[in-house]
Structure formats: structure tokens, C-alpha cells
Amino acid sequence: MDDEPRTGKRDRLARITRVVSLLRAHPDGMPIRDIARRIDVSVRTVYRDQTAMPISPSIAVRSR
């Protein structure tokens, strides 16, 4: 691995990648709280990251 410390942008990119992978594996969508639990972050973090996600119309995210 490189010697550079991880930055917030790298962490966010890693989280978004995990969320997109989860949503692709669950084509009917997932509740936000389940996504947060699966990637070990707060619901608020998932909502914040959602604004930066490259969401395809074929990927469903449910708020409940």
C-alpha cells in the first residue's frame, strides 16, 4: 500500500462504491438504514453521500 494517509475524498469514494455495489446486488432497492448498517456508517452519512452518487435510473434507493 502507499504511505499516504487516506483522505476524506478517498473514504467517500470507497463508501459510494460499496453502496453502488449493494444496490446493484439488490435491484428492488434497499432502505437507507439497511445500507448504513451494511457499510457501517450513519444514516446521515448515507444521505450525504447519496447526493454524490452516480445513480442510474435502474437502481432503486428507498427511504423506508
> Residues two or more places apart in sequence or in another chain: which of them pass side chain to side chain contact (heavy atoms under 4.5 Å, CB included) with Leu13?
Replying inline: Thr17

>> Can you list everything that forms a side chain to side chain contact (heavy atoms under 4.5 Å, CB included) with Ser42? Sequence neighbours excluded, please.
In response: Arg44, Thr45

> Looking at residues at least two apart in the chain, or sitting in another chain, which of them share a side chain to side chain donor-acceptor pair (under 3.5 Å) with Arg37?
Replying inline: Asp34

>> Take a 6.0 Å sphere around CZ of Arg48 and say whether it holds more than 12 heavy atoms from other residues, nucleotides or ligands.
In response: yes

Going by heavy atoms in the side chains, are [X] and [Y] under 4.5 Å from each other?
X: Val19; Y: Asp49; value: no
X: Leu23; Y: Ile35; value: yes
X: Ile32; Y: Gln50; value: yes

> Could you go step by step and tell me if His26 and Arg38 meet the side-chain contact (heavy atoms from CB on, under 4.5 Å) rule?
Replying inline: CA-CA 13 Å; His26 296 87; Arg38 297 278 292 270; 3.8 Å; yes

> Between Val41 and Arg15, what is the shortest heavy-atom contact and its length?
Replying inline: CG1-CD, 3.5 Å

